[in-house]
Undergrad: 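Pasting a structure below so you can have a look.
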Amino acid sequence: MIYLYSGCIFLSAFLLFLVQPMIGKMFLPWVGGSSAAWNTCMFFFQALLLAGYGYTHLSLGRLGLKKQSFLQFPMMLLALLFLPFIYSNATPVPEDPSFWLIAQLIKTIGLPFFVIAGIAPLLQIWFANTGHTRAVSPFFLYAASNTGSLFALLAYPTLIEPSFDLAGQARIWTGGYILLIILMAACFSLVEKTEVAAQTKENKGSDVPPPATRTILFWVAAAFLPSSLLLAVTQYVTTDLVPVPMFWIIPLMIYLVTFIVAFSEKLAPRALTYSRISLLVILSFLSLYLFVEITYFWFSVMVHLFTLFCVAMFCHCAIAENKPPVKHLTAYYLWISLGGVLGGFFNSLIAPQIFSDYLEYPLLIVLSCLMIDRFNNSQPVKEGETDNRIFVPGIVSALVGFYIFALIIYFSNLNLPEQIFHFATYLGYDINLPGLKAFLELISVYHGQIRQTAFALSALVPYFVLTRRCRVSFAPLVAVVLVLIFVYNIGQHKIIKRYRNFFGVKKVFFDTEANLRYLAHGSTVHGKQCFTDALREEPLTYYHRRGPLGDIFALPMFGQDNLKVAIIGLGVGSMAAYSRTGNEFVFYELDPQVVEIAQRTGIFSYLKDFSHNCRVEVGDGRLKIMQAAPKYFDMIIIDAFSSDAVPIHLLTVEALQIYLDRLKDTGIIAVHISNRYINLQPNLQALAKVHNLHQTFINDDSFNSNEAANYERSPAEYAIFTRDQGIVNYLARVSGDTWAPINDWPDFRPWTDSHSSIFPLLNFKADKLQTAADNKK
């Protein structure tokens, strides 16, 4: 019986979390594919999960166990009418697609997801009424539920997505849903449904008081924190540190693992244990937040993820330790779900409106410390500590925060090898001694790690000193450090403007010495402009005249006056500098704030300086190009593949056909594919085969950046599709460049609108120099 119920609840959770990346794959490309889009999807699924829990709670309370089944099974059968689900983008996407996305999700998967969402607490109630020896406390089944969720997240990118198109995935999900109905019927057949049994169980639980308001608020708060922190960590890590496609799966898996462990009868640790570990980890976190060593950013990522794990473990263990009697099981899960929804609501819809940067992340760290402080102070004092233990007020803790901030500043500016060198010469040592010289070389090699370790150890001193004899409040300590770091960094970075909307945070930097301005989204630079007279109208970075784009626009065919070019992706409008009188350059940009920055603020002037030749249209580039006349453009440039937001729908078999239909027979399609973590060459080569096109490719990274002619030139990768072999032959003869056909990838299946996977294309061997350069921006 336990295996049947565990398998059924496992399958329900597996289907719930399997459908989330499937639906995301359907919708995210049409709204930019950013982490904010995924967060909105997460909020939708959390809200529907809350609705499912609420339905289970209310229907069982009002109808009873037997009558509720007369509603449950017909609803599950009704949901079959919406399966298999599929989405075809036939409606325009608004500038802020948050509510549009939620509405589309409701229409596509709303009812099936809602029906499955309430199954986990329902099955636990059924199991509690089976008469099994473990029926007294069925909460262990919640661990099976979260295990199913975890397996779904692992299976989708590694097994299902690479092997099946969206239609096939939808059929698999439908098959799983039908199996779930069968297993649900089998589980229900084991429930004691006689009036006598129901009456006996009702009488046993009639004297159980409902949970106190204080307990309910604790459940909600303890569920809110890890849910909100999950989204905050995902957004910060995947935007500012590691813009790796699909990396959002890892924080979500960590979140689910903490649920599994917390509700496991054999594995669950005490919340008090993780309250202490969390504080230690948060103190280490302070040394890395906004002070990450670029060379060792993966270590920083691990610390951020471990911070999420520890805080989530504390919160979920605290929730599990405060379980109510079975009579209030459905209400218990309802309140937990409400906390999760509030976390998603705050991060997805509130934070982008009230913060111009990702300030919700440090705020949640402080709130985590506040909850841990209250939890620890509510614990009984051990015997013998009552008289000797001292309570340290918040003001003293804040002063300790100043000490830790001073350590941050000291270690972040410390040049350890140089300090040791001067100290050795001061003491009269010969620095050429073999031992001392080797020691200095060793320190130089591991300088970053040593500085981080030294800071971490120094920052942990207050924890061991204060907690040994005192009850200390860590919330004021951590708040002071984060506020001071924030103020310090405002003075360090040359940011003149911040923008934030659904698509993320954009920052405009101004290098006053070089009179240079540039736009960055996370760690990715989207264009620069120098305002010296000689360079104001020169394209820089990936668009440099001595780079691949310069080769393309130097082709004889582009000397005509009536040149028509479509460009997907605006940036700061750098490519406008290639336009001449009589040309028509059309930029398509999905993010309206990028248009505002490039065109209306006066920060950048490319579009203003070349306004007679250029215009901008807001919207998805693929959909916008479909509105153009056939054979209209001489060139189509796709410049949207340089960060974590990989708009797959722009490079599918169907998308390329749309471009070819709007392209003149002698025209070219140029694709800018500079990317640190994904290699798009196999797909490009496969697309060229499908459409019988000539293709050529260049990795422009072999140049002397110190030459004046290469000022602010960045390494770049471009590929070209064309029906004209002469264009490929011409580029192959360009002096000093290495245009060449892409190597054959015979086993790679080209992306289509219904089948695509970036998993086989992930490449973590990023160019360290480029990674460091981009992160320093």
Undergrad: Is the distance between the ring centroids of Phe509 and Tyr518 less than 6.0 Å?
TA: yes
Undergrad: Please report the closest heavy-atom contact between Leu305 and Pro251, naming both atoms and the distance.
TA: CD2-CG, 3.9 Å
Undergrad: Where do Ala117 and Leu49 come nearest, in terms of heavy atoms and distance?
TA: O-CD1, 3.6 Å
Undergrad: Is there a donor-acceptor contact under 3.5 Å from the side chain of Asp639 to the main chain of His672?
TA: no
Undergrad: Measuring from atom CG of Leu342 to atom CG of Leu50, what distance do you get when rounded to the nearest 0.5 angstrom?
TA: 8.0 Å
Undergrad: Using modelled atom types and a 3.5 Å cut-off, is there a donor and acceptor pairing between side-chain atoms of Ser278 and backbone atoms of Cys310?
TA: yes
Undergrad: Does the side chain of Tyr499 come within less than 4.5 Å of Val508's, by heavy atoms?
TA: yes
Undergrad: Return the set of residues passing salt bridge (charged side-chain N to carboxylate O under 4.0 Å, His left out) with Glu360 (not counting sequence neighbours), or none when no residue passes.
TA: Arg500
Undergrad: Are Tyr53 and Ile336 side-chain neighbours, meaning at least one heavy-atom pair lies under 4.5 Å?
TA: no
Undergrad: ring-ring contact (aromatic ring centres under 6.0 Å, His included) with Trp219: which of Phe224, Tyr333, Tyr332, Trp335?
TA: Tyr332
Undergrad: Only counting residues at least two apart or in another chain, list the ones meeting side chain to side chain contact (heavy atoms under 4.5 Å, CB included) with Asp511.
TA: Lys494, Glu513, Ala514, Leu516
Undergrad: On the 0 to 90° scale, with breaks at 30° and 60°, tag the His304-Tyr361 ring pair as parallel, tilted or perpendicular.
TA: tilted
Undergrad: Measuring only between side-chain heavy atoms, which start at C-beta, is Cys369 closer than 4.5 Å to Leu279?
TA: yes
Undergrad: Using the side chain to side chain contact (heavy atoms under 4.5 Å, CB included) rule, pick out the option among Val478, Val303, Val481 that qualifies with Ile282.
TA: Val478
Undergrad: So do the side chains of Met313 and Val261 get within less than 4.5 Å of each other, counting heavy atoms only?
TA: yes
Undergrad: Does Asn347 reach the main-chain N or O of Ser228 with its side chain, forming a donor-acceptor pair under 3.5 Å?
TA: yes
Undergrad: What about the rings of Phe309 and His316, do their centers lie closer together than 6.0 Å?
TA: no
Undergrad: Check whether any side-chain N or O of Thr234 sits under 3.5 Å from a backbone N or O of Leu230 as a donor-acceptor pair, and report yes or no.
TA: yes
Undergrad: Find out whether Thr258 and Pro226 are in side-chain contact, i.e. whether some heavy atom of one side chain is under 4.5 Å from a heavy atom of the other.
TA: no
Undergrad: State, yes or no, whether a side-chain contact exists between Leu363 and Phe346 at a heavy-atom distance under 4.5 Å.
TA: yes
Undergrad: Are the side chains of Leu519 and Ile597 in touch, meaning some heavy atoms are under 4.5 Å apart?
TA: yes
Undergrad: Side chain to side chain donor-acceptor pair (under 3.5 Å) with Tyr255: which residues, sequence neighbours excluded?
TA: none
Undergrad: Just wondering, do Ile319 and Phe314 contact through their side chains at under 4.5 Å, heavy atoms?
TA: no
Undergrad: Closest heavy-atom contact between Ser149 and Leu256?
TA: CB-CD1, 3.6 Å
Undergrad: Which atom names give the shortest non-hydrogen contact between Val366 and Ala479, and what distance separates them?
TA: CG2-CA, 3.8 Å
Undergrad: Ignoring hydrogens, what is the shortest heavy-atom contact between Ile372 and Ser275? Give both atom names and the distance.
TA: CG2-O, 3.6 Å
Undergrad: Looking only at heavy atoms, what is the nearest atom pair of Cys315 and Ala222, with distance?
TA: CB-O, 3.2 Å
Undergrad: When the aromatic ring centroids of Tyr156 and Phe17 are compared, is their separation below 6.0 Å?
TA: no
Undergrad: To the closest 0.5 Å, what do you measure between CD1 (Ile102) and CZ (Phe45)?
TA: 11.0 Å
